[in-house]
Amino acid sequence: MTDTHFPKDLATASHFVDGRYVEDTDGAPIKVIYPATGETIATVHEATPAIVEAAIASAARAQADWAALDGTARGRVLRRAAEIIFARNRELSILETYDTGKPLQETLVADATSGAEALEYFGGLAADVTGEAMRFGGDWAYTIRRPLGVCAGIGAWNYPTQIACWKAAPALATGNAMVFKPSETTPLCALKVAEILIEAGAPPGLFNVIQGRGAVGAALTEDPRIAKVSLTGSVPTGRKVYASAAAQMKHVTMELGGKSPFLVFADADLDDAVSGAINANFYSSGQVCSNGTRVFVHGDVHDAFVARLKARTETAVIGDPMDEATHFGPMTTQAQLDIVERHLATARDEGATVVTGGERLERPGFEAGYWITPAILTGVTDEMTVAREEVFGPVLSVLRFEEEAEVVARANATEFGLSAGVFTRDLSRAHRVAAQLEAGTIWINQYNLTPLGMPFGGSKQSGIGRENARLAMDHFTETQTVYVGMGPVEAAF
Ligand code: NAD
């Protein structure tokens, strides 16, 4: 890594391959920018073909021995890595804040810790990769869950540590190796995960991190030695990666974008619904795939809900992400800020009202950062661009509804199907509506909580497969069936 002037001690080279940091300055430079100030804090280099080759080859070497280990031994390494991450949480959270701009108040509790919990959770399950046995008269058969081999992980930029760990933990627990390519926007955090896994006792090559833009991701998905691709990213990228993987019949997990509905019925606890809507739209400056950005509010409570939501949103502490009192930081990139501003302008043109927010923040020291205040739009209708396209920023759209059947139909009228939220005190309605919503994850009277024991992922265009929970182990293994003949073999002639 060149030009690194801060944080000096937090990253030492562009890639982590075969158990050590490696550099190859022949790769195109990628500037790492601290979003709060716009400063370049480091420069990494894209992986050259030689780095990609080294990463895949060393992962393949490591994988066979790792898969042959007893599951308890694999699990011990993952759990040790989790302990190291927990112990180094503050340092890793500061790095996450430099990488993404997310406030330390969030990164201290939601990023390295969530990554560590994934390693802890799947470390605990590593000894429990079991098959089934079945009888057919005197004969019988049994199944074994076999690791796939070398898997590729490709990450988005909003949760760089969490995404690396959510992919690595189930892959490694089940006996695979992984080559991980972080987003080019946030390259630093995954390197630390690789370093910590080695410190915890993982063999060199088991988890390699290489940098690069889409072409490096494509080089991984196209390599015949890669057995599976797990992508977190946008729907258009998902289509490309899925098509590339399909050409060689590879396994995939696709964690893609969303435009999730958030339903507030007239009987909801309004303060809880407002809290849920804030979490569902403004956490991480709105850069969360599962955000409930279409907030459908029943006509009877619409005005009261909007008034409370506006008042509470205006109390958000916006500013220095390194100050633990700060609730709300900058967008992660200039490009994402531009997208948000374009969406706000289009929403205004199409007739929505901005009741608060959507303004650039001019703060001494932060003038060159990517700041925009959390925005609430009312008068949004289903046809408006802001109600149809993923914004991936702090833009909450309020839409009015009157009937349950009407709001369910409107909630489902999207190509996305990542998540949904239902706020009501009526138990029957909550479950009836949840059963009709076309989404991979639905929260009732809560939003965006993703404990490791719960499957998470999207339906429709939002993805294929699930992360977390026992289910993720299935996505990193394949079933091998062994038929055992116990009697004489009959043949026609
Ligand atoms: P993106 O699709 O632009 O990039 C994602 C990753 O794919 C990056 O690492 C990128 O370099 C890589 N990539 C791009 N083209 C590629 C190609 N042809 N082959 C292989 N890899 C390629 O997404 P982003 O802007 O980094 O992230 C934002 C998007 O991610 C949003 O749509 C958001 O909803 C989604 N997301 C989804 C989840 C989830 O769990 N469902 C979580 C976070 C973000």
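What you are looking at is a predicted structure, and each value in this text was computed from that prediction instead of being measured. Read the numbers this way: they start at 1 and go in the same order the structure lists the ligands and their atoms.
Distances shorter than 4.0 angstrom occur between a heavy atom of Gly155 and an atom of ligand 1. The shortest heavy-atom distance from Gly463 to ligand 1 is not under 4.0 Å. Contact annotation: Leu220 has no heavy atom less than 4.0 Å from any atom of ligand 1. In this structure, Phe456 is part of the shell of residues with a heavy atom less than 4.0 angstrom from ligand 1.
Which parts of ligand 1 touch Ser183 is read off a 4.0 Å heavy-atom cut-off, strictly below it: atoms 9 (O). Of all atoms in ligand 1, numbered sequentially from 1 with element shown, those under 4.0 Å from a heavy atom of Glu184 are 8 (C), 9 (O), 10 (C), 11 (O). Near Gly257, with a cut-off below 4.0 Å to any heavy atom, the atoms of ligand 1 are 32 (O), 34 (O). Taking a cut-off of under 4.0 Å to the non-hydrogen atoms of Val241, the atoms of ligand 1 that pass are 19 (N), 20 (C), 21 (N). Heavy-atom proximity to Cys289, at under 4.0 Å, picks out these atoms of ligand 1: 33 (C), 34 (O), 36 (N), 37 (C), 38 (C), 39 (C), 40 (O), 41 (N), 42 (C), 43 (C), 44 (C). Distances below 4.0 Å separate heavy atoms of Ser234 from the following atoms of ligand 1: 1 (P), 2 (O), 23 (O), 29 (C), 30 (O), 32 (O). Listed by number with element, the atoms of ligand 1 under 4.0 angstrom from any heavy atom of Arg213 are 11 (O). For ligand 1 and Lys181, the ligand atoms under 4.0 Å from any heavy atom of the residue are 8 (C), 9 (O), 10 (C), 11 (O).
In this structure, the protein non-hydrogen atom closest to atom 33 (C) of ligand 1 is Phe392 CE1, 3.2 Å. The closest protein non-hydrogen atom to atom 12 (C) of ligand 1 is Ile154 CG2, 3.6 Å. Closest protein heavy atom to atom 18 (N) of ligand 1: Lys240 CD, 3.9 Å. In terms of protein heavy-atom proximity, atom 4 (O) of ligand 1 is nearest to Thr237 OG1, 4.2 Å. For atom 32 (O) of ligand 1, the closest non-hydrogen atom of the protein is Glu390 OE1, 2.7 Å. Protein heavy atom in closest approach to atom 17 (C) of ligand 1: Gly214 O, 3.7 Å. Taking atom 41 (N) of ligand 1 as the reference point, the nearest protein heavy-atom neighbour is Leu256 O, 2.8 Å. Distance from atom 27 (O) of ligand 1 to its nearest protein heavy atom, with residue and atom name: Ala156 CB, 3.3 Å.
Distance check: Glu195 CD to Arg20 CZ gives 14.0 Å after rounding to the nearest 0.5 Å. Gln336 contributes atom CD, which lies 5.0 Å from atom CE of Met331 (distance to the nearest 0.5 angstrom).
Arg225 and Glu53 are joined by a salt bridge, as a carboxylate oxygen and a charged side-chain nitrogen come within less than 4.0 angstrom of each other. The pair Glu184-Lys31 does not meet the salt-bridge criterion, since no charged nitrogen lies less than 4.0 angstrom from a carboxylate oxygen. Electrostatic pairing of Lys460 and Glu438 counts as a salt bridge here, judged by a charged N lying under 4.0 Å from a carboxylate O. Remark: Arg61 engages Asp18 in a salt bridge, criterion side-chain N to carboxylate O under 4.0 Å. Lys259 has no carboxylate O lying under 4.0 Å from a charged side-chain N of Glu389, or vice versa, which leaves the two without a salt bridge. A salt bridge links Asp128 and Arg470; the closest N-O separation between the charged side-chain nitrogens and carboxylate oxygens is under 4.0 Å.
Closest to atom 25 (O) of ligand 1 by heavy atom, among Trp157, Phe416, Tyr242, is Trp157. With distances taken over non-hydrogen atoms, the option nearest atom 20 (C) of ligand 1 out of Gly457, Ala215, Gly217 is Gly217. When the options Gly233, Ser419, Ser260 are ranked by their closest heavy atom to atom 30 (O) of ligand 1, first place goes to Gly233.
Counting heavy atoms under 4.0 Å from ligand 1, residue Val216 does not touch it at all. At a heavy-atom distance under 4.0 Å, only side-chain atoms of Leu231, from C-beta outward, approach ligand 1.
More than 12 heavy atoms of other residues, nucleotides or ligands lie within 6.0 Å of CZ in Phe86, so this atom counts as buried by the packing criterion.
Classified by interplanar angle (parallel below 30°, tilted 30° to 60°, perpendicular above 60°), the ring pair Tyr447/Phe262 is tilted.
Checked by atom type and distance alone, the side chain of Ser114 never pairs as donor or acceptor with a backbone atom of Asp111 at under 3.5 Å. Judged by distance alone, the side chain of Lys250 and the main-chain N or O of Val229 form no donor-acceptor pair under 3.5 Å.
Side chains of Thr253 and Lys228: a donor-acceptor N/O pair is present below 3.5 angstrom, by distance only. Counted by atom type alone, Thr97 and Thr107 present one or more donor-acceptor pairs between their side chains at under 3.5 Å.
Remark: aromatic rings of Phe122 and Trp166 are distant, center separation not under 6.0 Å.
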